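Just so you know, these numbers use all the heavy atoms, side chains as well, and skip hydrogens, waters and symmetry mates. For ligands, and for the atoms within them, numbers begin at 1 and follow the listed sequence. Quick caveat: nothing in here was measured; it's all calculated off a predicted structure.
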Amino acid sequence: MAKPRVLITGGAGFLGSHLCERWLAEGYEVICMDNLITGAVANVEHLFSNRDFHFEDRDVTEYIHVVGALEGVLHFASPASPIDYLELPIQTLKVGSLGTHKALGLAHAKKSRFLLASTSECYGDPLVHPQSEDYWGNVNPVGPRGVYDEAKRFAEAITMAYQRFHGVDTRIVRIFNTYGPRMRLNDGRVLPAFMPQALKGEALTVFGDGSQTRSFCYVDDLVEGIWRLYNSKELLPTNIGNPNEMTILEFAKAVIEITGSRSKLEFKTLPEDDPKVRQPDISKATRVLDGWEPKVPLHDGLTKALASFRERLLALGEISAH
Ligand code: UDP
């Protein structure tokens, strides 16, 4: 019997590549579509020998065509770090809006399930803490993050419209800060900034006074939550993340400890509209996803991420293997 097939847009990105692995492991044929502006073939190269894996270098904001049946479309294509939004503002807006429209159109035509990668950025700089799904957010539409936040809010709106008007079977995951192996070295997010700095003995660049908070989820916990959401009947947005909240200063210290580095801290200007706090309320996810909750402690997750950063920096000759 033919295996079920899914299309994963952004499949060569950090999260996308982990999703490709999981869906293959669950017995699926996976079509990974990516235009590689922030994704990388290196993230999925190890899957090329798997006959159930197919890679297509394609821009999902253009018309997308897939031959044959599709059980699901997982729309994960998007630049996803604050410096990417500054460098790729139009592409960020296009993939969240036009790309989501194209991916939904395909799901509608193929009668596929559709899962949208949304974000905690929908809550903006939140006035409610922790953030639960019924909070509508505090987003600056014209600030530097507006291109991402508003595109994702539009993406949620059009996903709900396709569900209500066309009857497409949709899911929406609001993803909170996630980390793990294969984060792009130069993507500017806090872990890909701190870990190489710590490994090279350079100062860790803490933005502002480091009192802003984030809550970091290891990628395997996130993927488990997304797998369960895909297989659930939950049609409204669902937060997936780790509620273990800490200040960026505490996070910097955790990175220094895990790397055994002697790096100091260097305080830099806080970027505009940088959210002051962020912590997911995951009570809904735990309720509707069969008791799902994150399992990987920060120390274990950072140890796994460290191996990935170290390996790549060694290959680039940026650190030595003393
Ligand atoms: N941050 C930092 N130093 C860096 C990069 C980021 O202090 O070199 C801070 C950033 O200001 C934010 C937090 O770390 O408060 C998380 O930033 P990231 O870009 O990872 O994602 P965000 O949660 O802001 O989308």
Does some non-hydrogen atom of Gly188 fall short of 4.0 Å from ligand 1? yes
Return a yes/no value for Ile248: is any of its N or O atoms, backbone included, closer than 3.5 angstrom to an N or O of ligand 1? no
Take atom NE2 of His101 as the centre, draw a 6.0 Å sphere, and report whether it contains more than 12 heavy atoms from other residues, nucleotides or ligands. no
Arg145 near ligand 1 by a heavy-atom separation under 4.0 Å: yes
Tell me which protein heavy atom sits closest to atom 1 (N) of ligand 1, plus the residue, atom name and distance to 0.1 Å. Phe207 CD1, 3.5 Å
Answer yes or no: does an N/O atom from Pro82 fall short of 3.5 Å to an N/O atom of ligand 1? no
Quick test: of every protein heavy atom, which one is nearest to atom 17 (O) of ligand 1, and how far off is it to 0.1 Å? Val190 CB, 4.1 Å
Taking Lys284 first and then Glu234, would you say they form a salt bridge - that is, a charged N and a carboxylate O separated by under 4.0 Å? yes
Please determine whether the number of non-hydrogen atoms from other residues, nucleotides or ligands lying under 6.0 Å from atom NZ of Lys200 exceeds 12. yes
Hey, which atoms in ligand 1 end up nearer than 4.0 Å to a heavy atom of Glu121? 25 (O)
Return yes if a side-chain donor-acceptor contact under 3.5 Å exists between Ser261 and Thr259, otherwise no. no
Contact partition for Phe251 relative to ligand 1, non-hydrogen atoms under 4.0 Å: neither
Show which atoms of ligand 1 fall inside a sub-4.0 Å distance from at least one heavy-atom site of Ala193. 8 (O)
Only heavy atoms count here, so choose which of Asn177, Thr205, Thr119 is nearest to atom 3 (N) of ligand 1. Thr205
Going by an N to O cut-off under 4.0 Å, is there a salt bridge joining Glu62 and Lys102? no
Step through the shown structure and confirm whether more than 12 heavy atoms of other residues, nucleotides or ligands are within 6.0 Å of CD on Glu311. no
Does a side-chain N-to-carboxylate-O contact under 4.0 Å join Glu250 and Arg214? no
Quick one: does Tyr85 get an N or O within less than 3.5 Å of an N or O on ligand 1? no
When distances are taken from atom 10 (C) of ligand 1, the protein heavy atom at minimum range is Asp274 OD2, 3.3 Å
Ion pair check, Lys295 and Asp221, cut-off under 4.0 Å: no
Judged on heavy-atom distance to atom 22 (P) of ligand 1, which of Arg214, Gln197, Arg189 sits nearest? Arg214
Could you find the nearest protein heavy atom to atom 9 (C) of ligand 1 and give me its residue, atom name and distance? Gln212 NE2, 3.9 Å
Where the side chain of Lys110 meets the backbone of Gly72, is there a donor-acceptor pair that is under 3.5 Å apart? no
